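Working notes for the structure below.
Quick caveat: nothing in here was measured; it's all calculated off a predicted structure. Every heavy atom of this structure was used, including side-chain atoms; hydrogens, water molecules and symmetry mates were not.
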Amino acid sequence: MGKHQGWYWVGLAALLRSSSAAAQVPADTLPRGRFLHPTTRVGELVEYELSYHHAPALEVIFPDSAAKFGPFEYADRQFFPTFTRQGRSLDRTVYRLRTFSLDSVQSLSLPITVLHGADTLTIPTEPATVRLVRTAPPITAGQVPVLRQNLRLQPVEPEFNYPYWLAGAALALAIVGGVVLGFRRGLRLRYRRYRLRKNHVYFLAQYARHVERFNLSRSLTNMERAITLWKNYLSALEDSAISSLTTREIVIHYQNDADVRLALRLADRVIYGNQFSEDDTETDLAFVLLRDFAERRYSLVMDKLTVGRKQLA
């Protein structure tokens with residue numbers, strides 16, 4: 001008995017709250033809903049207007065897109081600002097709806113919500129009706145409709161085929177990846193040969209420029225630059241560190257090569273001993289020997305790369 005009595009008091013309190021909220025709504029005004037056009041077609045937009053005159057102090061909430069519009073489907077809505085005149089306020093919203101139901105007459109009733117403190121009051125509207133206009137002629141029982149044939153092609157906008165393009169891009173990447181993996185060493189050797197050839201041409205041009213400047217000015221600076229360029233080039237060509245070695249260590253590094261030994265001895269005598277000869281043949285010989293030795297080392301490295309490439313093939 002105690003449990004049923006508790007539910008009774010809860011229901012009585014809810015009823016009193018609803019009555020209190022309803023007391024704020026004038027009895028002579030109710031929400032009004034109407035279709036702005038008396039007829040519509042299947043799938044055609046039709047406008048439904050919901051309006052409510054009320055006291056300015058009331059807080060009114062109109063339905064949104066989540067409300068139940070059946071048998072219609074919600075498409076859009078347009079709110080109008082609250083208009084207050086002579087102590088009465090007007091709220092109005094126009095809903096754009098469409099229907100796919102085939103009923104001849106279709107109706108809609110949307111409620112509004114009034115807030116009063118912690119209480120809410122839902123006020124329904126009188127159902128508004130709209131008549132469905134049928135575009136197809138009526139068919140009697142057993143009658144087969146006459147179909148109209150239309151074989152004329154209609155233009156269709158081409159669409160970008162993303163799946164095919166993505167599949168093609170993936171296939172192209174797979175092919176390129178396979179080629180790179182399969183011929184990676186061969187491509188690396190080819191690229192190194194290209195870089196060595198380019199660096200060798202640059203070395204010969206710069207070396208000739210330093211030699212020419214030395215012959216014109218007899219400046220030890222130009223001779224030192226030529227020797228330094230020669231050391232740096234061989235260091236990069238053979239991936240060694242002869243640019244930091246002394247003359248004696250360079251001769252030992254190249255197995256006491258006669259050309260290297262003679263060229264560097266002549267260059268040291270001129271640079272460090274400041275012993276210029278009246279005859280330029282000694283300095284010219286030093287430059288020629290160093291250049292020819294660089295040519296031989298370049299050919300040796302290129303031959304090794306060629307042999308490695310043939311082994312891969």
Intermediate values then yes/no, side-chain hydrogen bond (donor to acceptor under 3.5 Å, both in side chains), Tyr191 and Arg195: CA-CA 6 Å; Tyr191 177 72; Arg195 290 298 303 270; 3.0 Å; yes

Not counting sequence neighbours, which residues clear salt bridge (Lys or Arg N to Asp or Glu O under 4.0 Å) with [X]? List them please.
X      : value
Asp259 : Arg296
Arg34  : Glu49
Arg41  : Glu44
Asp91  : none

Between Phe62 and Phe79, is the gap from one ring center to the other below 6.0 Å? no

Aromatic rings Phe72 and Phe35: how do their planes relate, parallel, tilted or perpendicular, breaks at 30° and 60°? tilted

How are the rings of Phe293 and Trp230 set relative to one another: parallel (under 30°), tilted (30 to 60°) or perpendicular (over 60°)? tilted

Do [X] and [Y] come close enough that some side-chain heavy atom pair is under 4.5 Å?
X      : Y      : answer
Asn232 : Phe203 : no
Lys231 : Ile250 : yes
Tyr52  : Ile123 : yes
Asp64  : Tyr74  : no
Leu108 : Leu97  : yes
Ser65  : Arg77  : yes
His200 : Leu237 : no
Ser240 : Leu234 : no

Taking side-chain contact (heavy atoms from CB on, under 4.5 Å) as the test, write out the residues that go with Glu224, two or more places apart. Ile271

Does Asp239 have any side-chain contact (heavy atoms from CB on, under 4.5 Å) partners at least two apart in sequence or in another chain, and if so, which? none

Joint hydrophobic cluster, Leu132 plus Phe100, side-chain heavy atoms closer than 4.5 Å: yes

Yes or no on ring pair (Phe, Tyr, Trp, His ring centres under 6.0 Å) for Phe214 and Phe287, after CA distance, side-chain angles and deciding distance? CA-CA 11 Å; Phe214 172 78; Phe287 286 130; 5.6 Å; yes

Residue among Asn256, Leu266, Leu289, Ile252 satisfying side chain to side chain contact (heavy atoms under 4.5 Å, CB included) with Arg261: Asn256

Taking atom types as modelled, find out whether Thr129 and Ser107 have a side-chain donor-acceptor pair closer than 3.5 angstrom. no

Where do Thr228 and His210 land on the side chain to side chain contact (heavy atoms under 4.5 Å, CB included) test, with the steps shown first? CA-CA 11 Å; Thr228 302; His210 291 315; over 6 Å; no

I'd like to know if the side chain of Thr40 and the backbone of Val46 have a donor-acceptor N/O pair within less than 3.5 Å. no

